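As the structure is a computational prediction, the values presented were derived from the model and not from experiment.
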Amino acid sequence: MSQTTYAGRVEVSRPGYRPSLYTRIGHFLGKDWAVAYVFVLPTILLLGGLIAYPFMNAVYLSFTNTVTLQTGPFVGLDNYRALWKDPFFRSAVRNTIVYTLSSVFLKFWVGLTAALLIHRARRFSGILTGAILIPWIVPSVVIALTWKGLLDPVYGGVNQFLLQMGLVEKGFPWFGSPHTAMPSVIMVNLWQGIPFFAVTLLAGLKAIDKEYYEAATIDGASAWRCFLHITLPGLRYVIIVCVLLSSIWTFNNFTEIYLLTGGGPVGATRVYSILSWEYAIMGLRIGMGVAAAITMAPVLAIFIFVLGKYMSAGGRPEEAAVETKPSGVSQLLSFLGWPFAMLIKGVLWVLGAINNVVEDLLAAIGRSLGRLFVSNSDASQRRARRLSRVVSALTTNAILVLLLAFELIPFYWVVVTAFKSTGQIVAFESVFWPRPWTLVQFDTLLGPTRSFVLWYKNTVTVALVSTVVSVLVAALGAYGLTRLRWRGSNFFASLVLIAYLMPPVLMFIPIYQIFSALRLTNSLTGLMVAYPTFGLPFATWLLMGYYASIPREMEEAALIDGCNYFQAFWRVVLPLAAPALMAAALFSVTQAWKEFIFAFVFLSKERLYTLSVGIAQMIIGDVLPWGELMAAALLMAIPVVALYVVGQRFMVAGLTAGAVKG
């Protein structure tokens with residue numbers, strides 16, 4: 001009699017016994033392989049058809065001279081050689097680097113400051129969190145219109161304020177000047193990105209044990225030393241995940257920049273995604289446009305690899321029993337990243353040494369000033385401590401008020417402009433308060449001259465159908481990837497993350513070719529099929545993190561009682577995952593509601609427009625009907641904000657799902 005071991009399970013085999021083919025496959029693929037494939041198959045089919053195949057097709061297109069929907073002749077590396085000789089491409093790469101690094105740096109520090117301030121304001125932390133998260137959930141078209149209206153050189157609120165204060169003689173074109181366009185676009189990205197960092201880091205702060213701070217205070221550590229040696233190390237994992245995700249999102253950003261500046265003026269804000277769009281769509285050089293996007297893929301690959309390493313920490317032991325050897329790609333990327341890791345460690349060590357010297361110097365100065373102005377009596381010491389607390393509270397509240405004003409004033413401008421008449425707007429009457437308040441802009445927008453109601457109906461239909469598909473398929477796929485034992489689950493989980501972070505500007509061209517062949521362009525059905533390209537990966541990723549937190553014993557008890565895996569999934573796991581399902585549904589419908597690039601490319605008939613495309617088409621050249629645009633932006637934002645208010649705790653839970661793990 002012999003024994004064989006697999007993943008901690010001992011099986012006894014008799015002499016001469018030959019296991020069945022199913023058993024031998026199970027030994028290789030894992031004991032749950034057959035059931036797992038049933039759960040994961042819909043996810044594989046959708047991601048394979050909507051992401052994997054279009055991506056491979058995009059790679060091939062980059063080696064062709066394609067100028068129509070029909071794939072052109074193969075030209076090898078000609079497109080890539082032409083790109084690196086193209087000054088516009090080199091300029092776009094520089095702009096992308098400046099835009100990404102500046103935006104992420106500012107978002108991290110401002111978001112961390114916001115998280116620390118909200119964490120201290122315990123009484124109103126829920127209200128503050130809700131208020132600060134709004135810019136992150138509103139549609140991109142609303143964001144673009146809000147800031148274009150606020151910074152308009154003639155009618156914008158910022159210029160009107162500066163004029164009334166006598167600080168400038170005439171309005172300044174913030175988005176129209178090569179010197180201020182990039183800083184302005186970075187500011188908009190900062191405004192939109194602060195909530196993500198603030199809410200996620202806030203969840204990390206709440207997970208740090210308070211006893212660490214109490215022990216440090218007893219030992220005489222200052223607030224700054226507590227921040228350096230407790231807060232930052234405690235947030236290390238959260239910071240890495242947030243910075244990497246934000247870097248990928250910012251690096252791939254297209255919609256906001258396109259709607260704000262179109263890449264101008266004179267290429268000042270032309271990032272790689274805008275250049276790819278100009279080559280492929282405006283210049284009909286599809287091969288060159290795809291090559292421009294593919295060229296940036298190695299940078300994204302490094303980001304995604306590092307992010308995957310951290311987000312897959314604490315993987316499934318069943319998978320580890322089968323797959324323990326790191327892949328060649330992982331080893332290569334780790335080797336290539338080693339010099340950068342050592343460089344970062346060296347820089348951090350130098351900064352730490354400088355900080356210690358500066359901190360000791362400031363502490364010595366503080367002690368000297370204390371001896372000069374504060375006597376040694378108990379009453380004097382108490383007054384000094386009381387004054388310190390008052391100054392600290394005033395400073396904290398002032399910074400928090402300024403931060404909230406920066407996040408919320410743009411929405412105030414949308415509201416007051418939407419309720420003005422056109423005469424009030426062009427005559428600059430009561431700039432910051434409508435007199436009188438009027439619904440004339442809404443009457444025009446909802447009247448027979450606009451198709452706004454039809455666009456609204458189209459958006460609701462597409463958002464609901466694509467959300468149902470994404471959440472249903474994700475619920476099955478995430479269960480198979482997280483709860484079942486089979487070889488390859490970690491690999492497919494990594495592919496889900498890659499699919500979620502795939503740049504839209506790379507995917508829409510090959511998907512458009514496929515949909516044209518299937519006659520799915522210029523139809524809402526095509527959008528319903530295409531939108532899971534971003535809704536499904538995110539929903540799967542979110543549910544995977546939530547499923548992993550459910551105790552496995554509950555599921556095993558159901559299996560012992562006679563349930564099969566599908567019954568255990570339906571009766572045990574799915575009810576427990578209801579908050580995550582709600583979060584996934586809210587995020588999916590929000591993403592579908594705000595999507596722009598696919599709808600803009602796929603739809604050319606006005607009666608089929610979604611809100612994002614329809615509102616953008618209301619702008620004709622330099623003619624911007626600000627009243628109607630702000631009314632449209634307000635009506636488009638209301639459903640998203642209402643959904644957020646109803647399901648705020650699910651949204652926050654989904655946004656921070658897995659962020660504080662590890």
Between T64 and T66, a side-chain donor and acceptor under 3.5 Å: yes

Sidechain-backbone polar pair: R607 side chain, L454 backbone, donor-acceptor under 3.5 Å: no

Residue pair Y547 / A475: nearest heavy atoms and the distance that separates them: OH-O, 3.1 Å

Where A616 and F596 come nearest, the two heavy atoms and their spacing: CB-CE1, 3.9 Å

Euclidean distance, E553 CD relative to I560 CD1, rounded to 0.5 Å: 10.5 Å

Worked verdict on Y237 versus V241 for side chain to side chain contact (heavy atoms under 4.5 Å, CB included): CA-CA 6 Å; Y237 174 83; V241 172; 3.9 Å; yes

Donor-acceptor under 3.5 Å (Q591 side chain, S588 main chain): no

Beyond-backbone contact of I143 with V188, side-chain heavy atoms, under 4.5 angstrom: yes

Flag side-chain contact, heavy atom, 4.5 Å: V496 against L481: yes

Test item: T610 and W455 side chains (from C-beta on) under 4.5 Å apart, heavy atoms: no

Heavy-atom side-chain contact between I51 and M507 under 4.5 Å: yes

Heavy-atom closest contact (L201 atom, A115 atom, distance): CB-CB, 3.9 Å

Could you tabulate the donor-acceptor pairs under 3.5 Å formed by side-chain atoms of residues 294-306, not counting sequence neighbours?
residue	atom	partner	partner atom	Å
T295	OG1	A291	O	2.6

Working for side chain to side chain contact (heavy atoms under 4.5 Å, CB included), residues F587 and M582: CA-CA 9 Å; F587 275 108; M582 179 64 71; over 6 Å; no

Considering all heavy atoms, the nearest I286-T68 contact: CD1-O, 3.4 Å

Aromatic centroids of Y272 and F251 separated by under 6.0 Å: yes

W486 side chain to G480 backbone, donor-acceptor under 3.5 Å: yes

Side chain to side chain contact (heavy atoms under 4.5 Å, CB included) between V573 and L576, worked out: CA-CA 5 Å; V573 176; L576 293 174; 5.9 Å; no

W249: which of F196, F534, F197, F254 passes ring-ring contact (aromatic ring centres under 6.0 Å, His included): F196

Which atom of I194 lies closest to which atom of I132, heavy atoms considered: CG2-CD1, 4.3 Å

Interatomic spacing from OG1 in T525 to CE in M528 - rounded to 0.5 Å: 5.5 Å

N/O donor-acceptor pair under 3.5 Å between S103 side chain and T100 backbone: no

Note, L50 side chain near P532 side chain (heavy atom, < 4.5 Å): yes

V38/Y565 under side chain to side chain contact (heavy atoms under 4.5 Å, CB included): CA gap, chis, key distance, verdict: CA-CA 11 Å; V38 175; Y565 279 111; over 6 Å; no

Interatomic spacing from CZ in F602 to OG1 in T521 - rounded to 0.5 Å: 8.0 Å

Under 3.5 Å: donor-acceptor pair, side chain of N522, backbone of S604: yes

Between T250 and K107: side-chain donor-acceptor atoms closer than 3.5 Å: yes

Spatial distance of atom OG (S273) from atom OH (Y99) [nearest 0.5 Å]: 8.5 Å

Flag for S62-N79: side-chain donor and acceptor within less than 3.5 Å: no

Backbone of L635 reached by a side-chain donor or acceptor of Y456 within 3.5 Å: yes

Under 3.5 Å donor-acceptor pairs involving side-chain atoms of residues 510-519, not counting sequence neighbours:
residue	atom	partner	partner atom	Å
Q513	OE1	N57	ND2	3.4
Q513	NE2	L69	O	2.8
S516	OG	Y512	O	2.8

Test item: Y479 and F566 side chains (from C-beta on) under 4.5 Å apart, heavy atoms: no

F39 and F569 aromatic ring geometry - parallel, tilted or perpendicular at 30°/60° bounds: perpendicular

Closest heavy-atom pair and its distance - V271, N253: CG2-O, 4.1 Å

S612 backbone acceptor or donor facing W593 side chain under 3.5 Å: no

Straight-line distance of L495 CG to L47 CG, nearest 0.5 Å: 8.5 Å

Using atom types as modelled, flag every donor-acceptor pair under 3.5 Å from a side chain in residues 467-474 to any protein atom, sequence neighbours excluded.
residue	atom	partner	partner atom	Å
T467	OG1	A463	O	2.6
T467	OG1	V589	N	3.2
S470	OG	S466	O	2.9

Any side-chain heavy-atom pair of I615 and M636 under 4.5 Å: yes

Near-ring test F508/W277, centroid separation under 6.0 angstrom: yes

R483 backbone acceptor or donor facing R552 side chain under 3.5 Å: yes

Sub-4.5 Å side-chain heavy-atom contact between V59 and M56: no

Side-chain (E595) to main-chain (A599) donor-acceptor, under 3.5 angstrom: yes

Distance (rounded to the nearest 0.5 Å) between I257 CD1 and S140 OG: 11.0 Å

